[in-house]
Amino acid sequence: MPPNQRNLFDAEPAPWEIDEAELRTVASVVLPTGPKGPFNYLVPESLADPAEPERFAEAGRRLRVPFGRGDREVTGYCVAVEMKRVDARRLKQISAVVDSRVLLSAAMLRLTQWMADYYLCPWGQVLEAVVPAGVRGMAGTREVKFLTPADGALEKFKTLKLRSPQQLKALETLLASDRPLTIPELAESADCSLAPIKGLIKHGLIETAVARVATGGGAEQKWQRETPLEFNPDQAAAFESIRTALDSGEAKGIVLHGVTGSGKTEVYLQAIEHVAKFRRQAIVLVPEISLTPQTVRRFRARFDRVAVLHSHLTDAERHQHWQSIARGEVEVIVGARSAVFAPTPHLGLIVIDEEHETTFKQDQAPRYHARDVAWQRAQAESIPLILGSATPSLEAWVRAQQGEFEKISLPKRVMNLPLPDVMTVDMRDPAQTRFGRGAITRPLHQAMVEALRGGGQVILLLNRRGFSTHIQCPACGFVLKCEYCDLALTYHRQHNTALCHYCDHEALPPRACPDCKSPAIRYGGVGTQKLEEEVKSRFPDFKCARMDVDTMRQRGSHDNVLSAFQRGEFQILLGTQMIAKGLDFPNVTLVGVINADTALHLPDFRAAERTFQLVAQVAGRTGRGKRGGRVLVQTLNPEHPAIMAAVRHDYPRFAEHELAVRRAAHYPPFTAMIRVVVRGPVEAVVRETAATLGGRLKAAIAAAGIPRMRVVGPGTAPIARLRGDFRFHLQLQGPDAAALRQAVRTAAEGFTPPEGVRWMADVDPWDMQ
DNA sequence: AGCACGCCGACT
DNA sequence: GTCGGCGTGCTC
């Protein structure tokens with residue numbers, strides 16, 4: 001019977017056929033793309049035998065299944081296998097089992113299901129994001145034939161009256177081997193060619209089995225061992241609380257609020273040592289930033305078996321690490337966001353360092369936040385979750401205040417070092433700025449002179465890369481924008497191009513205004529490249545290095561520059577926010593913030609929080625040695641509460657002020673939020689689609705009768721055009737997060753946007769642009 | 001998402 | 001009659 005006609009014969013079951021249902025083994029399969037499913041398939045006897053682990057259909061492995069009217073073979077994730085009463089004639093059968101072992105434990109399957117539900121994303125898409133591509137493709141492995149002698153091979157050799165001495169020698173060699181050999185291995189040790197081996201296989205005296213093996217192996221590097229450091233009383237108290245949580249066998253969120261330089265890492269390290277004693281594993285999430293080499297080094301120095309997962313790994317390396325973690329060979333996993341999915345067999349602790357960092361939120365679907373996924377996982381595995389930061393996210397802080405999480409403070413730096421003096425430089429004051437041209441004010445210049453003269457090092461932070469941040473015509477006001485985005489182009493002098501920092505589009509920098517033809521076009525705004533020139537001309541006797549995405553493209557370059565700075569090979573380090581994170585330089589006596597206001601006026605309710613974090617974090621980079629240190633913050637808003645609090649190292653005061661603002665404006669963390677973005681190439685169509693979607697959302701809210709829930713917008717997104725697409729956005733706000741998600745689901749049901757228009761929902765958005 | 005199905009008009 | 005245009009709806 002041709003498969004396409006099948007439905008003709010067994011369409012709807014007639015009433016008298018209804019008790020055709022029978023008890024069968026059924027697998028639920030979720031596909032990575034396409035319709036959501038899950039779809040049920042019959043498990044044939046041949047794939048239902050646990051004694052054959054190579055082809056056992058069970059939850060957590062991938063399966064090949066026939067799908068659609070054409071029965072094309074697709075790969076899907078098996079999420080459950082159960083005995084069910086089904087009408088077997090209406091189900092198709094699994095074709096094959098792809099994975100020879102489980103990729104996702106039952107707990108991880110539940111976690112991915114939670115993510116799909118919470119982040120409004122198909123389950124299959126979550127699964128594809130959780131299992132690395134290198135693991136799915138079994139990168140770095142290949143199929144190899146292994147040879148074992150058949151039962152009674154030697155007797156058979158005689159009864160078959162074979163007389164080849166080469167074959168006999170090969171067979172005897174194989175019999176003498178204590179493990180299965182590959183064909184080349186056997187040829188080598190029996191000192192024969194491939195022909196006699198093939199002959200033995202043909203006669204059935206040697207049996208072959210295929211297995212996947214790793215190709216090549218990474219060399220293990222030996223690391224200098226370090227012993228635990230002495231705790232100060234605050235650290236000891238913090239560790240005690242964490243140890244109690246670890247021993248309780250219960251889930252517990254712990255906000256470890258420790259000022260910069262208070263020794264949080266040492267607390268993590270000893271907590272993990274405690275976990276490792278019980279042969280459990282720990283996951284440590286760090287913001288990417290090439291995984292802050294100093295932190296990674298400390299973990300390597302304290303544990304024998306550390307897996308470091310970073311973005312520069314090849315697929316094969318990632319696969320090897322993943323397998324090694326799954327086998328329980330690893331004590332600690334240090335990695336960025338996605339390391340929260342590490343397949344640890346017996347997880348004991350999750351640590352999120354620099355918990356406030358935005359990199360923990362994924363900016364593509366599934367748009368998860370590693371902190372929230374980690375908390376979900378911690379609850380499922382009944383383990384503690386430590387959220388460490390000098391500037392905790394307000395989300396974490398509020399939960400600590402409400403008693404949902406425990407709060408632990410490390411209010412002092414180790415060895416009682418003082419926090420650095422922070423001063424603002426008011427850039428509105430002409431007396432301070434009228435000092436040549438450039439980005440460095442008189443007080444900052446003076447401070448640099450003093451610091452360098454005293455043999456100290458200087459860090460300068462400027463959160464804008466490139467040379468000039470905009471190209472503008474003073475005659476008509478025209479600003480050169482990207483052809484595809486609604487964004488000003490940045491001038492990069494090195495390659496003499498005008499570059500879009502969002503889509504990487506390059507344009508030729510104009511000599512005259514493209515609009516009014518005035519030749520007076522001006523390159524304005526200071527980026528890190530221009531700052532570097534300014535520093536070099538002001539301080540020609542000192543060496544200076546720049547660190548931003550443009551200079552850090554190569555693998556390892558980050559670590560190289562920082563190590564050189566630590567060795568004192570240059571005195572001035574300038575760069576974007578990547579220099580503000582987790583670094584420890586005892587000889588840095590001055591930190592200058594060129595412009596603290598860059599994040600302050602973003603159309604984003606988190607603008608103040610970001611500003612506070614940036615200033616407070618970079619300020620923490622100094623005063624870590626005997627010489628002490630100071631910080632100068634250049635700003636046009638010295639009286640802004642976020643900047644004032646950062647100057648005073650006063651996180652609680654900042655939090656109190658900012659939380660009052662958020663509460664009054666009904667913003668997170670006091671309300672849940674989902675942002676919906678609609679985009680497409682034709683502005684009018686996008687606008688109309690956004691309006692339709694807005695209407696559907698409002699209707700969904702009204703129909704469900706949800707109080708205090710509102711739809712803001714649609715309106716033009718702050719970045720109105722990106723990569724050629726016009727963008728409109730909406731925000732759903734309300735106290736009940738689940739109701740918000742349900743409203744989006746209801747609105748999406750049966751909604752198909754016009755050709756070319758796409759839309760997405762971002763749950764708990766971080767970026768509002 | 002992908003693909004077969006079916007109902008149209010233009011062609012051999 | 002037959003080919004193929006795309007609109008529609010289903011996929012265990």
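Just so we're on the same page: letters track the sequence lines, and every chain starts at 1. Note that these values count all heavy atoms, side chains included, but never hydrogens, waters or copies made by symmetry.
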Tell me the interatomic distance from [X], atom [atom1], to [N], atom [atom2], rounded to whole angstroms.
{"X": "A:F39", "N": "C:dT11", "atom1": "CZ", "atom2": "C1'", "result": "5 Å"}
{"X": "A:K92", "N": "C:dT11", "atom1": "NZ", "atom2": "C1'", "result": "7 Å"}
{"X": "A:E755", "N": "B:dA1", "atom1": "CD", "atom2": "P", "result": "12 Å"}
{"X": "A:L31", "N": "C:dC12", "atom1": "CG", "atom2": "P", "result": "9 Å"}
{"X": "A:R72", "N": "B:dA1", "atom1": "CZ", "atom2": "P", "result": "12 Å"}
{"X": "A:Y77", "N": "C:dC12", "atom1": "OH", "atom2": "P", "result": "19 Å"}
{"X": "A:R69", "N": "B:dC3", "atom1": "CZ", "atom2": "P", "result": "12 Å"}
{"X": "A:K36", "N": "C:dC10", "atom1": "NZ", "atom2": "P", "result": "16 Å"}

Would you list the atom pairs, donor with acceptor, under 3.5 Å between side chains in residues 697-714 of chain A and any protein atom, with sequence neighbours excluded?
unit_1 : atom_1 : unit_2 : atom_2 : d
A:R710 : NE     : A:Q733 : OE1    : 3.1
A:R710 : NH2    : A:Q733 : OE1    : 2.6

Fill in the blank from the handout: By side-chain contact (heavy atoms from CB on, under 4.5 Å), A:Q742 pairs with (sequence neighbours left out) A:R745, A:T746
Exercise for the section: Have a look at A:Q323 and tell me which of A:Q320, A:H319, A:H321, A:R327 forms a side-chain hydrogen bond (donor to acceptor under 3.5 Å, both in side chains) with it. Expected result: A:H319
Practice task
Only one of A:R61, A:R62, A:R136, A:R55 passes salt bridge (charged side-chain N to carboxylate O under 4.0 Å, His left out) with A:D99; say which it is.
Solution key: A:R62
Exercise for the section: For A:F67, report the nucleic acid contact type (base, sugar-phosphate, nothing); a contact means any heavy atom under 4.0 Å. Expected result: base
